[in-house]
Participant: 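Structure incoming, see below.
Lettering follows sequence order; numbering is per chain, from 1.
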Amino acid sequence: MLHLHNTLSRKKEPFTPLVAGKVSMYVCGITIYDLCHVGHARLLVAFDVLFRHLQASDYDVTYVRNITDIDDKIINRAAENGESINDLTERYIDAMHEDEASLLLLSPTHEPRATDTIGRMHSLIKTLIDKGMAYPADNGDVYYAVSSFPDYGKLSGRKLDDLRAGERVAVDNNKRDPLDFVLWKASKADEPAWDSDWGPGRPGWHIECSAMAIELLGEEIDIHGGGADLQFPHHENEIAQSEAATGKQFARYWMHNGLVQVDDEKMSKSLHNFFTVREVLKSYSGEELRYFLMSGHYRSPLNYSASQLDNARASLRRLYTALRGVGADASRSVSREHVERFQAAMDDDLNTPVALSVLFELATEVNREGGAESKRGLKLANTLLQLGARLGILQGDADAVLQGSVDESGLDAAKIEALIQERVDARANKDWARSDEIRDELTADGVILEDKDGKTSWRRG
RNA sequence: GGCUGAAUGGCAGAGUGGCUAUGCACCGGAUUGCAAAUCCGUUUACCUCGGUUCGACUCCGGGUUCAGCCUCCA
C-alpha cells in the first residue's frame with residue numbers, strides 16, 4: 001500500500017483518495033518570466049514520478065500543474081525587455097515545454113494559466129469578503145484577514161504571534177494586520193487589469209492557485225504539491241483562502257520536494273547561482289539530468305554539481321549496457337520478485353534510490369546470465385526495461401543511447417564502422433600494432449571499442 | 001530570535017535495534033592478443049556526549065555543525 005509523507009502531519013501516512021480509484025492532484029507550477037532552471041526541473045521530475053507511480057498503481061489520476069502567467073515579476077521583465085507580457089509568457093512557455101520534453105515528462109492532465117481563471121478568483125474573493133474574512137482597503141487592494149482563520153499556520157507549524165514577532169516587512173497602513181496578504185491588487189495606469197467589484201486590478205499570487213485547483217479539481221483535492229520553499233507563505237495562504245471560502249478541507253495530502261542546492265546553498269534566481277535546464281543539456285542528456293534528480297529522495301535537498309551529473313551518466317550507462325539488443329515487448333514475462341521490491345520501494349513515499357537499486361540488481365543479473373540471449377536473461381532484461389518505464393528512463397534504444405552522446409565527436413557512425421572493419425581485418429592477421437593504433441585513434445575521439453564473442457561494438461565514452 | 005529538517009565509508013546515496021543497500025572510484029582475481037565491457041572477491045561508515053537495552057548507526061535527552069522558511073522563490 002502506498003504511503004506518502006504528508007507535510008500537514010509531518011509523517012508518512014497511508015494514502016487513501018477521497019474517491020476510490022481516483023486521485024486529484026494539484027502542483028504549483030512555474031511563474032513564467034525566464035527559462036526553467038534545475039530547481040524547477042526537480043519539481044517537475046518529482047511530481048512526474050508520483051504521477052507515473054499512481055498511474056502504475058491503477059489510479060485514475062487527474063494531474064493539474066498550473067502556469068502563473070500574471071505576476072509582478074512578469075510585468076517588470078516584460079517592461080525591461082520592451083515586449084508585451086503575452087509575448088514574454090508565450091516565449092517562455094514554449095521553452096518550458098521543450099525542457100519538459102527533454103526531461104521525459106508526461107503531460108499533466110491540465111495545465112491551466114492563471115489568466116484563464118480570473119473569474120473563479122473573483123468569485124472566491126467575493127465569497128471571502130461576504131464571510132468577513134477579507135476586506136477591500138482604501139488603496140483598491142483586497143486583503144485576506146489572517147486572524148479570521150483560526151487554523152492559520154497549521155501547515156508550516158507557525159503561530160501568528162511568532163510570525164508577528166519575527167516580522168521584517170515594513171508596516172503597510174492599508175493592512176489591518178501586517179500578516180494579511182493581498183488577494184486582489186489594484187492596477188497602476190499602464191499595468192494589465194481585469195474589471196472587478198473593487199476596481200480594475202489583478203489577482204494576488206496565492207488566490208490564483210486556489211482558484212485553478214478548485215476550478216479543475218473541485219473544493220477538496222487529494223494531493224497538493226510544490227517546492228519546499230512554497231510551504232510558507234504560499235501554501236499556508238492557499239489553505240486559508242480555500243478553506244475559509246468552502247468550509248472544506250482543501251487538500252488532504254501536502255507534498256513538498258526538497259530544494260536543489262549549489263555549494264550547499266539554495267539554487268535560486270535571486271541568489272544568481274542557478275543553472276538553466278538548457279545549459280545543462282549542452283553537456284548532458286535530459287535523461288541524465290532526470291536520473292540525477294531521481295537519484296536522491298524527493299524530500300531531501302540535492303546538491304547540484306557536474307560530478308553528480310557524471311555519476312548519473314555512468315549509472316545510466318551501466319543500465320543501458322545490460323539492455324543492449326533488447327527491444328521493448330510488453331507481452332514478455334517479468335520477474336515478479338523484482339517488480340514487487342520495486343513497487344514496495346515506490347510505495348514507501350517514492351523511495352527512488354531504493355527503486356533504482358532494484359534496477360541495478362537486475363542489470364547485474366542480466367549480465368551474469370550473459371545478456372538477454374537466454375530465456376532468463378531476457379526476462380530479467382525485460383523487467384529492467386519495464387521498471388525503467390515506471391521511472392521514465394531507459395526507454396531509448398540502448399545502442400543508440402550509448403553511441404550517440406550529446407557531446408558529438410567529429411566522427412560519424414559510418415566512419416567509425418569503417419575503422420572498426422579495418423581493425424577487424426588487422427586482428428584477423430594478428431596485426432596487433434595496427435589494431436591498437438586504430439583503437440587509440442578512436443579512443444582519442446571519444447569512441448570506446450568492446451570486443452566480445454568475435455564481434456566488435458562501440459560506444460561513446 | 002521563531003518554525004521545520006538534516007548530519008552515514010574517497011564521492012553520491014538508502015536503510016535497519018543484532019544479519020550485504022545501491023552506483024561511481026579504489027584494490028585483487030577471472031575473461032581478453034592487450035584493452036574495453038562483464039563476472040567473482042576484498043577494503044573503507046554511520047557528527048559528539050550521556051541515557052535506555054543482553055545489544056544502538058538505528059530509540060530518548062543535551063551539545064555542535066549545516067540547510068530551508070519567517071521577503072519574491074520549485
Participant: Counting only heavy atoms not in Asp94(A), do more than 12 sit closer than 6.0 Å to its CG atom?
Facilitator: yes

Participant: Tell me, what's RNA chain B's dot-bracket, Watson-Crick or G-U with both distances under 3.5 Å, | for other-strand, [ ] crossing?
Facilitator: (((((((..(((.....[...)))..((((.......)))).....(((((..]....))))))))))))....

Participant: Could you check whether Arg459(A) gets within reach of a base, just the sugar-phosphate, or nothing at all, counting any heavy atom under 4.0 Å?
Facilitator: sugar-phosphate

Participant: Find which nucleotide of RNA chain B each of Asn311(A) and His297(A) is nearest to by heavy atoms, and output the residue with the more 5' nucleotide.
Facilitator: His297(A)

Participant: Applying ring-ring contact (aromatic ring centres under 6.0 Å, His included), which residue pairs with at least one partner in residues 336-364 of chain A are found, sequence neighbours left out?
Facilitator: none

Participant: Would you classify Gln308(A) as touching base, sugar-phosphate or nothing, given that sugar-phosphate means primed atoms plus P, OP1 and OP2, and contacts are heavy atoms under 4.0 Å?
Facilitator: sugar-phosphate

Participant: Pick base, sugar-phosphate or nothing for Arg427(A), based on heavy-atom distances below 4.0 Å to the nucleic acid.
Facilitator: base

Participant: Rounded to whole Å, please give me the gap between NZ in Lys73(A) and P in A74(B).
Facilitator: 8 Å

Participant: Using the side-chain heavy atoms of Thr364(A), tell me which of these nucleotides is nearest: A74(B), C34(B), G23(B).
Facilitator: G23(B)

Participant: Arg423(A) near the nucleic acid: base, sugar-phosphate alone, or nothing, with a heavy-atom cut-off under 4.0 Å?
Facilitator: base

Participant: Base, sugar-phosphate, or nothing for Arg317(A), non-hydrogen atoms under 4.0 angstrom?
Facilitator: nothing

Participant: Is the count of non-hydrogen atoms from other residues, nucleotides or ligands lying under 6.0 Å from Arg336(A) atom CZ greater than 12?
Facilitator: no

Participant: Of the candidate nucleotides A37(B), A74(B), G5(B), which contains the atom at the shortest distance from the side chain of Arg10(A)?
Facilitator: G5(B)

Participant: Which part of the nucleic acid does Asp71(A) contact within heavy-atom distance under 4.0 Å: base, sugar-phosphate only, or nothing?
Facilitator: nothing

Participant: Between Asp222(A) (side chain only) and Ser24(A) (backbone N and O only), is there a donor and an acceptor less than 3.5 Å apart?
Facilitator: yes

Participant: Short question: side chain of Glu287(A), backbone of Leu104(A) - any donor-acceptor pair under 3.5 Å?
Facilitator: no

Participant: Does the pair Asp399(A) and Tyr320(A) meet the rule for a side-chain hydrogen bond (donor to acceptor under 3.5 Å, both in side chains), with working shown?
Facilitator: CA-CA 8 Å; Asp399(A) 284 306; Tyr320(A) 267 119; over 6 Å; no

Participant: Looking for any heavy atom pair under 4.0 Å, which part of the strands does Lys266(A) touch: base, sugar-phosphate only, or nothing?
Facilitator: base

Participant: Applying a 4.0 Å non-hydrogen cut-off, can you work out what Ser300(A) is touching in the nucleic acid: base, sugar-phosphate, or nothing?
Facilitator: sugar-phosphate

Participant: If you compare all heavy atoms of Leu54(A) against all heavy atoms of Val23(A), which two are closest, and at what distance to 0.1 Å?
Facilitator: CD1-CG1, 4.0 Å

Participant: Base, sugar-phosphate, or nothing: which does Arg158(A) touch, judged by heavy atoms less than 4.0 Å apart?
Facilitator: base

Participant: Tell me if the side-chain of Asp436(A) makes a donor-acceptor pair with the base of G33(B), cut-off 3.5 Å, by modelled atom types.
Facilitator: yes

Participant: What nucleotide among A21(B), G2(B), C70(B) has an atom nearest to a side-chain atom of Val354(A)?
Facilitator: A21(B)

Participant: Touch check for Asp264(A), heavy atoms < 4.0 angstrom, all strands: base, sugar-phosphate only, or nothing?
Facilitator: sugar-phosphate

Participant: Under 4.0 Å, counting only non-hydrogen atoms across every strand here, what does Leu259(A) touch: a base, just sugar-phosphate, or nothing?
Facilitator: base

Participant: Could you say whether Ile448(A) or Phe232(A) is positioned toward the 5' end of RNA chain B, judged by the nucleotide with the nearest heavy atom to each?
Facilitator: Ile448(A)

Participant: For Gly39(A), report the nucleic acid contact type (base, sugar-phosphate, nothing); a contact means any heavy atom under 4.0 Å.
Facilitator: base

Participant: Is there ring stacking between Phe360(A) and G23(B), where the centres must be under 5.5 angstrom apart and the planes under 30 degrees?
Facilitator: no

Participant: What are the two closest non-hydrogen atoms of Gly225(A) and Phe47(A), and how far apart are they?
Facilitator: CA-CZ, 3.5 Å

